[in-house]
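Here is the structure we will look at.
Atom set for the values below is all heavy atoms of this structure, side chains included, hydrogens, waters and symmetry mates excluded. Residue numbering restarts at 1 for every chain, and letters A, B, ... go by the order of the sequence lines.
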Number of protein chains: 2
Amino acid sequence: MPLAPLFRPIDVAPAYQKVADAIEREIVNGRIKPGDPIGTEHDLVRQFGVNRSTIREGIRVLEEGGLISRDSSRRLHACLPRYSKLASRLSRALVLHEVTFRELYEASMTLEIASIEGAVERATEENLADLTDNLARSEAVLGDPAALAECDAEFHVLVAKASQNRVLQLAREPAAQLFYPTTEMIVTGVAEGGPRLVAAHRHLIDAIRRRDCEVGVLWTRRHLQDWRRGFERIASLDRSVEHMYMEHAQAARRR
Amino acid sequence: MPLAPLFRPIDVAPAYQKVADAIEREIVNGRIKPGDPIGTEHDLVRQFGVNRSTIREGIRVLEEGGLISRDSSRRLHACLPRYSKLASRLSRALVLHEVTFRELYEASMTLEIASIEGAVERATEENLADLTDNLARSEAVLGDPAALAECDAEFHVLVAKASQNRVLQLAREPAAQLFYPTTEMIVTGVAEGGPRLVAAHRHLIDAIRRRDCEVGVLWTRRHLQDWRRGFERIASLDRSVEHMYMEHAQAARRR
DNA sequence: GGCCCTAACTTTGTCGGACAAAGGGACGAA
DNA sequence: TTCGTCCCTTTGTCCGACAAAGTTAGGGCC
């Protein structure tokens, strides 16, 4: 029979990690609210009793995690992590794991259908206005594949927003970010691609406005199947997402 | 008419950020492969021509992003970001955004159904063996809510794995991590909770083995509805996920 | 009194150097 | 060969320093 343990495992984390953990704890448990100032590096040096270099390493960790950021005057304050930034981390991970477009397609089918269902059920007038505005802009840039692809990405973000479900919003984003560059390629290569894309968006807005779930789901399916058909003219669905696609995700992250 | 621009915007990012970006680029575009050594801090000092403090700040950024890590002897090497670690960042974000359990429930319903559908279609013998093993362990710890909740979380990770869709695996994880602590509470508070949970798992494994999609979806629905009923005995679905839940996610991240 | 401009102060980003602790490798002894 | 020891490297941390950019305070001007 083993002895009752006398000692707890000791915490051997490096100091910068402990600094980051301590600040993270205060933010996550709500004692520091988003927007609250964190104090200057010198303040933290005094509070934690470690060197400024150590503090700065801890700050980098939190900054990268999106928990704190620097305002225009570079002062530190807590903030709400932004979905698009976090999602781009995930997109990056998916690329490194070499997921296939088939996985992307299948997951997106599920996620986008769930989004439209939520949107049909709960979209507000404001959501609809945003979507309509997006549609108008899409029509205006029909001849510009890059701009159209960007509009398409934004359209689906808006649909997800209209679902009023932030978990869904977050869950769909990583896959969606990887779609974006291929959409541009498809619209460039397939003549009827642009008009079909915009037509699908119009039907989706209509379905949301009329609260017609079935039509919404139908057109989401068609929209994604269109993407698939277009993509398969270029490459196989079983191809893994390639590294070049990351450039777009990186650009999106900085925005 | 505006003049044609003579100059490109110059890059004013701080040096540590440039260091991180440069290394990230090499990893993401594949010139440095997961597992490859990055070199010592001193090497990087020489290569980038900046101070070691600056290099170290850049390293922290990449480390937090999961792109590089240190092995047993603390040497740096590139690595594949781990889903569970990234997902816990997202879980943390969801908590800070104060998402409701209703959002969590709705999104999970979609994601877990998609997982089981994929698993029914594509699960391998090995997946089934893992699931069966998990079931056995669950039965063994029926009296221990914390252990059972952990088994439940693992079960659904295994189902997602069996779907062979890594995008789905990643998408479901943040929401799933937030479920875990409530499962423990429910199993503790509701006497028949544990047995029902294990029974549902048994039916799910059975459905996967027999490739019976309908039954799989049915039991996933029931399983989640059970959770919902249990949860509603404790609190309203419209309550936002609270800060205390993060403690579990944090523990999971370090693992 | 209110507003603008300058000067002093703060804060950040970066640098150079320093040292203890821990790990790895080489070298010699058994 | 295996073991133990010594040395070197690497990391984590500290100290002090400085330029650039931002902030604050004070004084002069309307």
Side-chain angles (χ1 to χ4, degrees), chain A residues 7 9-27 32 34-79 85 253-254, chain B residues 7 9-27 32 34-79 85 253-254:
Chain A
F7 304 109
I10 49 176
D11 189 4
V12 292
Y16 70 86
Q17 188 67 55
K18 288 189 183 173
V19 167
D21 286 348
I23 298 174
E24 168 177 343
R25 237 189 333 275
E26 295 306 293
I27 294 175
I32 299 178
D36 287 357
I38 304 291
T40 67
E41 295 177 0
H42 189 56
D43 289 339
L44 297 174
V45 166
R46 271 194 306 255
Q47 291 182 55
F48 287 103
V50 297
N51 191 271
R52 190 158 76 98
S53 304
T54 306
I55 294 288
R56 282 175 65 82
E57 288 187 38
I59 286 174
R60 293 299 154 243
V61 172
L62 296 170
E63 239 175 5
E64 174 69 6
L67 277 163
I68 69 178
S69 67
R70 315 195 91 117
D71 58 24
S72 61
S73 70
R74 300 194 211 166
R75 259 192 261 279
L76 291 168
H77 55 83
C79 64
K85 184 179 163 178
R253 173 148 41 95
R254 281 192 241 294
Chain B
F7 304 109
I10 47 176
D11 189 3
V12 292
Y16 69 86
Q17 188 67 54
K18 288 189 184 174
V19 167
D21 285 349
I23 298 175
E24 167 176 344
R25 237 188 333 274
E26 296 305 293
I27 294 175
I32 299 178
D36 286 357
I38 304 291
T40 68
E41 295 178 1
H42 190 55
D43 290 338
L44 297 174
V45 166
R46 271 194 306 255
Q47 292 182 54
F48 287 103
V50 298
N51 191 272
R52 191 157 77 97
S53 305
T54 306
I55 293 290
R56 282 175 66 81
E57 288 186 39
I59 286 174
R60 292 298 155 247
V61 172
L62 295 170
E63 239 175 7
E64 175 68 6
L67 267 119
I68 67 178
S69 68
R70 315 195 91 116
D71 58 24
S72 62
S73 70
R74 299 194 209 168
R75 259 190 264 279
L76 291 169
H77 55 84
C79 64
K85 184 178 163 180
R253 174 148 40 94
R254 283 192 239 295

Derivation and outcome, side chain to side chain contact (heavy atoms under 4.5 Å, CB included), residues B:Leu76 and B:Ile59: CA-CA 9 Å; B:Leu76 291 169; B:Ile59 286 174; 3.4 Å; yes
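- At a threshold of 4.0 angstrom between heavy atoms, the contacts of A:Arg75 are confined to the sugar-phosphate backbone, with no base atom among them.
- As rounded to whole Å, 14 Å separates atom C1' of D:dG12 from atom CD of B:Glu57.
- Of the listed nucleotides (D:dA21, D:dT11, C:dC15), D:dT11 has the atom at the smallest distance from the side chain of B:Glu41.
- Ion pairing between B:Arg46 and B:Asp43 holds under the 4.0 Å rule for side-chain N and carboxylate O.
- Distances shown here put a side-chain N or O of A:Thr54 below 4.0 Å from the OP1 or OP2 atom of D:dC14.
- Phosphate contact (OP1/OP2 of D:dC14, side-chain N/O of A:Arg56, threshold under 4.0 Å): absent.
- In this structure, B:Arg70 does not reach the C:dG23 phosphate: none of its side-chain N or O atoms is under 4.0 Å from OP1 or OP2.
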Stepwise side chain to side chain contact (heavy atoms under 4.5 Å, CB included) test for B:Val19 and B:Leu44: CA-CA 9 Å; B:Val19 167; B:Leu44 297 174; 5.9 Å; no
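- Between A:Arg56 and A:Glu41, at least one side-chain nitrogen of the basic residue sits less than 4.0 Å from a carboxylate oxygen of the acidic one, meeting the salt-bridge criterion.
- Phosphate proximity of C:dT14 to B:Asn51: absent, as no side-chain N or O sits under 4.0 Å from OP1 or OP2.
- Neither OP1 nor OP2 of C:dA22 sits under 4.0 Å from any side-chain N or O of B:Arg74.
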